[in-house]
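Everything on this sheet refers to the single structure shown next.
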Amino acid sequence: MAKVIRVGLLGCGTVGGGVVRILDREARDIAVRVGGQLLVTRVGVRDLAKDRQLPLPADAFTDDLLSVVEADDVDVIVEVMGGRDPAGGLIRRALELGKPVVTANKELVAHEGPELYELAESSGVDLMYEAAVAGAIPIIRPLKQSLAGDRVRRVVGILNGTTNYILTKMTEEGASYDAVLSEAQRLGYAEADPTADVGGHDAASKTAILASLAFDSKVHADDVFREGIENVTATDISVADRLGYVIKLLGIASEVDDQVAVRVHPTFLPKAHPLAAVRESFNAIYVEADAAGELMFYGRGAGALPTGSAVVGDLIDAARNVQQTTRGPVESVHRGRSIRPIQELQTQYYVLLDVDDTAGVLAAVATTFGKNDVSIAQVWQEGQGDRAQLVLITHRALEGALRSCVRDLQGTEGVRNVASVMRVEAEVFS
Ligand code: NAP
Ligand code: HSE
C-alpha cells in the first residue's frame with residue numbers, strides 16, 4: 001500500500017482546519033480505508049501571514065488558488081473557501097482537468113449544482129458535497145444512494161443552527177428576538193452580519209439541494225420561497241405554546257401533484273413532532289418515503305470538526321474511487337419537476353391582529369376572512385382596550401387567498417395592524 005493520494009485544499013479556515021486535524025489524527029485508519037495515504041500537498045488561502053497552528057508544512061501554502069487546482073502534485077481538490085466566486089471557477093477548472101472535487105459550499109451547490117453535476121459526469125470524476133447540508137449529518141448520501149430505490153414524498157429540515165438556537169432561547173426563556181440575537185453574537189454563535197442565517201438564505205440553499213436530490217429535478221436556491229425569523233415575537237411563541245406548538249424555521253420540500261413545493265419559513269409545528277424536540281444549534285432532517293416510511297437524521301450542522309467529518313468522509317470516498325479509477329453514483333434530474341408557486345400551496349395559518357376593543361370588530365374581521373374564502377378554525381381575544389389583539393387560526397387555505405385576506409384586513413374597520421401571519425403545519429404532520 002505505497003500509493004499516496006495528493007490533496008489540494010482551497011481554503012483553510014474553520015472547516016479546512018477541521019479537515020486537516022481529522023486527516024492528521026485518523027491518518028492510519030484512513031490510509032487503510034482508502035488503500036493509500038492522503039497527503040495535503042497544497043493549500044490555497046488569502047492571508048499567508050496567518051498563524052494557523054496546523055500540522056502542515058509552511059511551503060504548502062499559497063495565495064494563488066488556481067495553482068493549487070492545476071498543480072501536478074494534486075490529485076483531489078477539497079474546496080472549503082466558500083462563496084460562488086472564485087470557488088465556482090476553480091471547481092470547474094478542477095473538474096475539466098479530471099480531478100475529483102469535495103466541497104462544503106452550500107451557496108455554490110444550491111445555485112450552480114446541476115450544471116456542476118453535469119460537468120463532473122462528463123469529465124468522469126466525483127463531485128461530492130455531503131458537508132454542504134447540515135454539517136456532520138449524513139443526508140446527501142442517504143437521499144442519493146440509500147433511498148435510490150424508494151419514492152421520497154417530503155423532506156422537512158431544521159437546517160440552520162443559528163436560528164434554531166435563537167428560537168429555542170426565545171421559547172425556553174421567554175426572551176425577545178433582539179435580546180437573544182445579541183447574546184448569540186456575543187457568544188460567537190451568530191455572525192456579526194447574521195442576515196444569511198436569520199433571513200433564511202442559508203436554510204433556503206440547503207433546502208434547494210435536498211429538493212433536487214429528493215425529487216430528481218433541478219431546484220435552485222432562487223426557487224425556494226423564503227421568510228426568515230426576524231419578525232417572530234415573544235407573543236407568537238407564547239400563543240404557539242398554548243396551542244401545543246413550537247415555532248421552528250423549517251425547510252420543507254414536498255411533491256404536490258407533479259410539481260415540487262419548496263419553502264423556508266417560521267412554522268407552527270406540533271410539539272409531538274420529532275423535529276419539535278431539536279433544540280439549540282442542532283440540525284435535523286425528517287424524510288418521508290413510500291417504502292421506508294419516516295426517517296429522521298439528527299446532529300451537529302456546523303463547526304470545524306463536525307463539518308470536517310463530512311468532508312473527510314467524502315474525501316475518502318473520492319480518493320478510493322481515484323485508486324480504483326472509477327467514480328461514485330451521479331445525480332439524476334430525469335423527472336424535471338417544475339416549481340409549485342407559493343400562492344398555490346395550501347396550509348393553515350395563524351394570524352394576530354391589533355384591534356379596537358369595540359362591538360362589531362370581530363364580525364367585520366370574520367366577514368373579511370369569509371369574503372376571501374379563508375375559513376376560521378379558532379379565534380379568541382388577548383388583552384383589552386388599547387392592547388386588544390385577536391388571535392385566529394384558519395383551516396387549510398390557499399396561500400393566495402390568505403394573502404388577499406391579509407391585504408383586506410389592513411383596511412377592515414377596527415383592525416389597527418396585522419401583527420403576525422405564520423404558517424401552521426398541523427394536519428400534514430399528524
Ligand atoms: P472560513 O473560516 O471563513 O474560511 C475560509 C477560508 O477560505 C480561509 O482560509 C480563507 O483564507 C480562504 N479564502 C476565502 N476566500 C478566498 C479567496 N478569495 N482567496 C483565497 N483564499 C480565500 O470559512 P468556513 O467557516 O471554514 O467555511 C468554508 C465553507 O464551508 C463555506 O462554503 C461554508 O458555507 C461551508 N460550511 C461551513 C460550516 C461551518 O461550520 N463553518 C458548516 C458547513 C458548511 P484566509 O484564512 O487566509 O482568510
Ligand atoms: N451558519 C450555519 C448555521 C452553519 O447557523 O447553521 C453553516 O451552514
* To do: Could you walk me through whether Val125 and Arg327 pass the side chain to side chain contact (heavy atoms under 4.5 Å, CB included) test, one step at a time?
  => CA-CA 6 Å; Val125 292; Arg327 56 155 302 159; 5.6 Å; no
* Quick one: do Leu23 and Leu315 satisfy side chain to side chain contact (heavy atoms under 4.5 Å, CB included)? Show the steps, please. => CA-CA 10 Å; Leu23 287 176; Leu315 179 55; 4.1 Å; yes
* Full working for side-chain hydrogen bond (donor to acceptor under 3.5 Å, both in side chains) between Asp64 and Thr62 -> CA-CA 5 Å; Asp64 177 358; Thr62 175; 5.3 Å; no
* Asked: Does the pair Arg242 and Glu382 meet the rule for a salt bridge (Lys or Arg N to Asp or Glu O under 4.0 Å), with working shown?
  -> CA-CA 12 Å; Arg242 271 182 286 153; Glu382 298 263 321; 2.8 Å; yes
* Can you list the steps and then say if Val287 with Ile139 is a side chain to side chain contact (heavy atoms under 4.5 Å, CB included)? -> CA-CA 10 Å; Val287 178; Ile139 185 63; 4.2 Å; yes
* **Worked verdict on Val80 versus Thr307 for side chain to side chain contact (heavy atoms under 4.5 Å, CB included)** => CA-CA 10 Å; Val80 279; Thr307 313; over 6 Å; no
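Looking at every heavy atom in both residues, Asp236 comes nearest to Leu352 through OD1-CD2, 4.1 Å. Here the closest heavy-atom approach between residue Ile140 and residue Leu210 is recorded as CD1-CD2, 4.4 Å. The minimum heavy-atom distance between Arg33 and Arg320, with the atom names listed, is O-NE, 3.1 Å. Heavy-atom minimum distance, Ala208 versus Ala110: CB-CB, 4.4 Å. Shown here for Phe282 and Asn164, the closest heavy-atom pair between the two residues is O-ND2, 3.4 Å. Between Leu95 and Ser123, the shortest heavy-atom distance links the atoms O-OG, 2.9 Å.
Rounding to the nearest 0.5 Å gives a distance of 11.0 Å between CD of Gln378 and CD1 of Ile376. Atom NZ of Lys248 is separated from atom NE2 of His265 by 15.5 Å, given to the nearest 0.5 angstrom. Taking CE from Met422 and CD1 from Ile393, the interatomic distance works out to 10.0 Å, rounded to the nearest 0.5 Å. Here the OG1 atom belonging to Thr103 is positioned 12.5 Å from the CD atom belonging to Glu130, to the nearest 0.5 angstrom. Rounding to the nearest 0.5 Å places CG of Leu353 at 8.5 Å from CG of Asn417. Taken from CG in Leu65 to CZ in Arg46, the straight-line distance is 9.5 Å, to the nearest 0.5 Å.
The backbone N or O of Pro329 lies less than 3.5 Å from a partner atom in the side chain of Lys144, making a donor-acceptor pair. Here the side chain of Glu115 pairs no donor or acceptor atom with the backbone of Tyr117 at under 3.5 angstrom. For Ser309 (side chain) and Leu305 (main-chain N/O), no donor-acceptor pair under 3.5 Å exists by modelled atom type. Checked by atom type and distance alone, the side chain of Gln259 never pairs as donor or acceptor with a backbone atom of Ser338 at under 3.5 Å. Checking side-chain atoms of Arg21 against main-chain N and O of Ala304 turns up no donor-acceptor pair under 3.5 Å. Put simply, the side chain of Asp202 never gets that close to the backbone of Asn160: no donor and acceptor are under 3.5 Å apart.
Exactly one residue among Leu10, Leu108, Val45, Asn105 makes a side-chain contact (heavy atoms from CB on, under 4.5 Å) with Met81. That residue is Leu10.
Val20 has its side chain within reach of Pro55: a pair of non-hydrogen atoms, C-beta onward, lies under 4.5 Å apart. At least one side-chain heavy atom of Cys12 sits under 4.5 Å from a side-chain heavy atom of Leu54. For the pair Pro194 and Thr162, the minimum side-chain heavy-atom distance is 4.5 Å or more. The closest side-chain heavy-atom distance from Val219 to Ile339 is below 4.5 Å. By the 4.5 Å heavy-atom criterion applied to side chains, Arg416 and Asp356 are counted as neighbours. With contacts defined as side-chain heavy-atom distances shorter than 4.5 Å, the pair Met128/Arg141 qualifies. Glu121 is not listed as a side-chain neighbour of Leu127, based on a closest heavy-atom distance of 4.5 Å or more. Contact of the His273 side chain with the Met296 side chain is not registered, since no non-hydrogen atoms from C-beta on lie closer than 4.5 Å.
Salt bridge status for Arg387 with Asp357: absent, with no side-chain N to carboxylate O gap under 4.0 Å. Using a 4.0 Å cut-off between a side-chain N of Lys or Arg and a carboxylate O of Asp or Glu, Lys218 and Asp223 do not qualify as a salt bridge. We find that Asp216 and Arg335 are joined by a salt bridge, their nearest charged nitrogen and carboxylate oxygen being less than 4.0 Å apart. Salt-bridge annotation for Arg337 and Glu255: present, with a side-chain N of the basic residue lying under 4.0 Å from a carboxylate O of the acidic one. Ion pairing between a basic and an acidic side chain is recognised when a charged N comes within 4.0 Å of a carboxylate O; Arg154 and Glu425 show no such pairing. Classification of Arg403 and Glu399 as a salt-bridged pair holds, one side-chain N sitting under 4.0 Å from a carboxylate O.
Around the CD atom of Glu191, the shell of radius 6.0 Å holds no more than 12 heavy atoms that belong to other residues, nucleotides or ligands. Counting heavy-atom neighbours within 6.0 Å of Asp386 CG, excluding the residue itself, gives a total of 12 or less. Heavy-atom neighbours of Asp24 CG from other residues, nucleotides or ligands within 6.0 Å: above the threshold of 12. Residue-environment remark: CD (Glu172) exceeds the threshold of 12 foreign heavy atoms within 6.0 Å. Annotation: Arg300, atom CZ; neighbour count of heavy atoms from other residues, nucleotides and ligands within 6.0 Å does not exceed 12.
Donor-acceptor pairing under 3.5 Å is lacking for the side chains of Tyr177 and Glu230. At a cut-off of 3.5 Å, with distance as the only test, no side-chain donor of Asp178 or Ser176 sits close to an acceptor on the other residue. Between the side chains of Ser238 and Asp241, no donor-acceptor pair of N or O atoms lies under 3.5 Å. Counting only N and O atoms by type, the side chains of Thr368 and Asp408 include no donor and acceptor under 3.5 Å apart.
Between Phe268 and Tyr245, the two ring planes are tilted [angle within 30° to 60°].
Annotation: cation-pi geometry not satisfied between Arg423 and Tyr349 (NZ/CZ under 6.0 angstrom from ring centroid, within 45° of ring axis).
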